[in-house]
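Here's the structure we're looking at; comments come further down.
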Amino acid sequence: MMLQNRRREATVTLEAVRSAKPSPPLTYLACTLLALLQHQNGRAKEAERLYLEALAAWPDGQRAAVGLSHARWLQGQLLTTDFLHRPADRRPDPWASYSLGQFARADGSIAELRQAVWP
Amino acid sequence: VKPLAALSVGVGCLTLGGAPLQQPVFKSGVEMVRVDALVTRDDTPIEGLAAEDFEVFDNGVRQTIDHVLSSEDPIDVMLTLDTSASLDKSELTRLADAVRSAVAGLKPGDRAGLITFSEELQQLVPLSGRLDLLPPALDRLEASGATTLVDAAYAALLSTRAKGRRSLAILFTDGLDTWSWLQPAWVLDVAKRSETVVYTVELREVVVPFVRIRGVRGRIDQREYYRSVTRFLGSLAEATGGRRLDAGDFDRLQTTLENVLDEFRRRYVIAYAPQGVADAGWHTLEVRVKRRGVTVRAKPGYSP
């Protein structure tokens, strides 16, 4: 729906997911996508709040941390690059599995494809 | 990532339209503006210029130049390297070797840092004078995942904000952004307000893939998104007064990186206290050199 610019429907759907208080990865996804909608609409403060909610659910989520940083930049806040410091025992950003269906982890398939196209 | 990989993973990129982005909130009032400028003739940097050789126009108003800094000053360099899955092991080794050789030319007083980006951004070495930290970090590079080029540019800009120092971000990529959260226009806005000069170094021409996503109500054409991220590198370099370079292949990468560092040292920093212009809003900048046949590269404007 977001890709098709159906923002209102996307917001209603995502809010329904968020209010159901699902598992942390799903809460993270619902909040980051809602934050992105606000971010896109120029509502940086609201986006910041949602990114923070996402990070409360999944502290290792880097996409939310990057979005949060920029939402704060828009508000003239002092910036840090905290999102660049990745703990060794971090858990993957749920966005990776949502958007790519774990494709990004299929290194073997990538190597196979590379060999097929650029032998 | 290479075009094929981009095609495969590109469905993850959210490209929304929407309202114009909110204007950033910044304090107005600038005591001194610093403009980093490259002066070339036939693509060769010209050295030895002094304040009286330059003219600076701020919103069309000629300014009195306070001073000009040149190549003697130490530099900050943030190396920002694409380590997405499209690089195989031997390519990654060649990338590390090229960077290692290039940074060996850094001088005492210079500072450098290292950021890598794939589907994750990582600061392997923070910006510091500990240049000895770079080689071991380069030895540990690993390739995996998608490409967050736009997010990486944002990280590089944020990591090089030391006041009063000459800052360079070198952004190396072998392909196309597929996974950034931030949109190109947002990061370009950050770049325009930054004093960091960005040189982008690519390995090969990026082909915009034909990507359509089958949705519930028809299809979504992602080509415009890929066009925008392809344009992004050129726009980023232009917004900061830097350059977009095509290394072509790994054989030329080391030379290209060495040339970037050499060229950056031969740039000038022109400082002036703005006079006769409003404090707030966007200021257009024009830098002229009183020599014939020269080209000047500098950022096109700034915002107090």
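All figures in this text were calculated on a predicted structure; none of them were measured in a lab. Side-chain atoms are counted along with the backbone in the values below, which use heavy atoms only and exclude waters and symmetry mates.
- Proximity to chain A (any heavy atom under 4.5 Å) is shown, for B/Ser118, by neither the backbone nor the side chain.
- Neither the backbone nor the side chain of B/Leu124 comes within contact range of chain A, judged by heavy atoms closer than 4.5 Å.
- A/Phe83 has its side chain out of reach of B/Gln123: every pair of non-hydrogen atoms, C-beta onward, lies at least 4.5 Å apart.
- Each salt bridge (Lys or Arg N to Asp or Glu O under 4.0 Å) pair with one or both residues in residues 74-89 of chain A, not counting sequence neighbours, appears once here: A/Arg86-B/Glu120.
- Sorted by first and then second residue, the ring-ring contact (aromatic ring centres under 6.0 Å, His included) pairs involving residues 148-172 of chain B (not counting sequence neighbours) are A/His70-B/Tyr154.
- With a 6.0 Å radius and a threshold of 12 heavy atoms from other residues, nucleotides or ligands, B/Glu142 has its CD atom at or below the threshold.
- B/Leu158 CG to A/Leu84 CG: the interatomic distance, rounded to the nearest 0.5 Å, is 8.0 Å.
- Smallest separation of non-hydrogen atoms from B/Glu119 and A/Arg63: O-NH1, 2.9 Å.
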Derivation of the ring-ring contact (aromatic ring centres under 6.0 Å, His included) call for A/Trp73 and B/Trp186 = CA-CA 10 Å; A/Trp73 181 85; B/Trp186 299 357; over 10 Å; no
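- From B/Trp181, atom CH2 reaches atom CG of A/Asp93 across 8.0 Å, with rounding to the nearest 0.5 Å.
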